[in-house]
*Asks:* 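Here it is, the structure, as structure tokens.
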Amino acid sequence: GLFADKSPWLLLPLMLVYAITVTADSGALTSGMSMAADPSYRGATMAMHSTVGFSLSAFGAWAVGIALASAGLILLWFAPQLAGRAAVVFREAPGRTLLLGAASIVLTPITALVLFATVLGWLLGLVVLAGYVFAVLLSGLVGLLIVTIILRGRLGGAPANGGWRSAMLLLLVVVVLVLAQQVPVLGGLLSSLLVLAGFGALTALVTGRATGRPAGSGATGGGTLPGS
């Protein structure tokens with residue numbers, strides 16, 4: 001619409017806001033469909049509307065799972081040190097990492113809004129907001145890798161950052177997460193915890209609050225992963 005030709009740095013935050021609030025359109029769309037349908041076929045039209053809508057919703061969850069698994073494998077391949085260090089941060093202080101993630105997620109957009117209110121800070125605020133959107137998306141992936149690496153260590157193997165066993169375990173974690181999305185409250189809670197864990201670990205790494213060596217520190221990062 002009005003912002004179609006604007007900068008991607010402006011469109012990304014708007015797309016995130018729309019993605020969160022789009023479900024509010026459901027009532028209006030259903031009412032419009034009911035009014036526009038032929039009265040003789042209104043019931044069939046509503047049944048088809050519900051069938052298509054719920055089918056696409058079910059497929060969408062698995063499509064998101066496939067995208068998460070693919071992105072996680074790419075991140076595990078090209079940035080094993082990041083995944084390993086994030087897992088160390090969370091394993092050393094899980095509660096503190098979650099609290100740090102929650103505080104960062106809340107305070108970052110507030111900081112961006114404060115910058116928007118100033119005359120010269122609106123551009124910086126826009127950059128902060130765009131970076132915030134990217135960080136939230138990355139945090140979900142980092143949270144998945146944290147769980148994968150910690151589980152890999154607890155299952156008796158070395159907590160390596162790569163290898164086919166880690167890849168299979170990542171796929172298993174994604175499948176469990178997708179299935180959990182079908183359970184009210186549980187899916188949202190698990191997703192939120194993953195994002196908080198990832199955001200907190202990234203914040204700790206960026207601000208220098210992280211300590212310790214990365215899990216599977218034999219990895220040197222970038223293309224070649226340790227064997228399983």
Side-chain angles (χ1 to χ4, degrees), residues 12 16 64-65 67-112 127-155 157-163 165-167 169-174 176-178 180-181 186-223 225-226:
L12 284 175
L16 178 63
V64 171
L68 281 176
S70 302
L73 290 173
I74 293 173
L75 188 61
L76 194 64
W77 177 270
F78 288 104
Q81 286 289 332
L82 173 63
R85 293 179 65 193
V88 169
V89 171
F90 183 80
R91 187 169 56 235
E92 289 182 345
R96 184 178 64 185
T97 304
L98 290 174
L99 289 175
L100 182 60
S104 301
I105 284 179
V106 171
L107 294 177
T108 302
I110 294 177
T111 302
V127 173
V128 170
L129 194 58
Y132 173 75
V133 174
F134 175 77
V136 170
L137 296 176
L138 180 61
S139 297
L141 296 177
V142 173
L144 284 173
L145 296 182
I146 288 175
V147 173
T148 300
I149 293 173
I150 292 178
L151 286 178
R152 174 71 191 278
R154 291 184 178 274
L155 291 177
N161 302 340
R165 292 182 181 177
S166 294
L169 190 55
L170 173 62
L171 295 177
L172 178 61
V173 171
V174 170
V176 172
L177 180 62
V178 171
Q181 300 302 312
L186 178 62
L189 178 61
L190 291 179
S191 298
S192 299
L193 289 175
L194 287 176
V195 172
L196 290 178
F199 211 105
L202 290 175
T203 302
L205 292 173
V206 170
T207 59
R209 295 177 179 270
T211 59
R213 293 178 60 82
S217 56
T220 56
L225 298 182

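For the numbers below, each heavy atom of this structure counts, side chains included, while hydrogens, waters and symmetry mates do not. Numbers for residues simply follow the sequence, beginning at 1.
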*Asks:* Do Leu145 and Leu82 make a side-chain contact, defined as non-hydrogen atoms from C-beta onward lying under 4.5 Å apart?
*Replies:*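 No. Closest side-chain heavy atoms not under 4.5 Å.
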*Asks:* Could you pull out all residues at least two apart from Ser104 that satisfy side chain to side chain donor-acceptor pair (under 3.5 Å)?
*Replies:* Thr203
*Asks:* Taking all atoms of both residues into account, what is the closest heavy-atom pair of Ile146 and Ala197, and its distance?
*Replies:*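 Taking Ile146 first and Ala197 second, the nearest heavy atoms are CD1-O, 4.0 Å.
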*Asks:* Locate the shortest heavy-atom distance separating Gly140 from Val195; write the atom from each residue and the value.
*Replies:*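 Heavy atoms of Gly140 and Val195 come nearest at CA-CG2, 4.2 Å.
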*Asks:* List the residues meeting side chain to side chain donor-acceptor pair (under 3.5 Å) with Ser191, not counting sequence neighbours, and say none if there are none.
*Replies:* Gln181
*Asks:* Find the distance between CG (Leu194) and CG (Leu98) and round it off to the nearest 0.5 Å.
*Replies:*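 Separation between the atoms: 10.0 Å.
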*Asks:* Got a sec, which residues hit side chain to side chain contact (heavy atoms under 4.5 Å, CB included) with Val173, two or more places apart in sequence or on another chain?
*Replies:*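 Result, side chain to side chain contact (heavy atoms under 4.5 Å, CB included) vs Val173: Leu144, Val147, Thr148, Leu151.
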*Asks:* Atom CG in Leu169, atom CZ in Arg152: separation rounded to 0.5 Å?
*Replies:*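 Rounded to the nearest 0.5 Å, the CG-CZ separation comes out at 8.0 Å.
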*Asks:* How many angstroms lie between atom CG of Leu196 and atom CZ of Phe90, to the nearest 0.5 angstrom?
*Replies:*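 The CG atom of Leu196 sits 10.0 Å away from the CZ atom of Phe90.
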*Asks:* State, with a plain yes or no, whether a side-chain heavy atom of Val142 is found less than 4.5 Å away from one of Leu75.
*Replies:*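 Of all side-chain heavy-atom pairs linking Leu75 with Val142, at least one is under 4.5 Å.
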*Asks:* On a heavy-atom basis, which atom in Tyr132 and which in Ile105 lie closest, and how many Å separate them?
*Replies:*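 Heavy atoms only, the tightest pair is OH-O, 2.9 Å.
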*Asks:* Which heavy atom of Leu190 sits nearest to which heavy atom of Ala180, and what is that distance?
*Replies:*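 Result for this residue pair: CD1-CB, 3.6 Å.
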*Asks:* Taking atom CD1 of Ile74 and atom OG of Ser70, what is their separation to the nearest 0.5 Å?
*Replies:*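 Here the rounded value is 6.5 Å.
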*Asks:* Which heavy atom of Ala69 sits nearest to which heavy atom of Leu171, and what is that distance?
*Replies:* CB-CD2, 3.5 Å
*Asks:* So, do Val89 and Leu202 sit near enough that their side-chain heavy atoms are less than 4.5 Å apart?
*Replies:* no
*Asks:* Might you point out which heavy atoms bring Leu141 and Gly72 nearest each other, and give the distance in Å?
*Replies:*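 Residues Leu141 and Gly72, closest heavy atoms: CD2-N, 4.0 Å.
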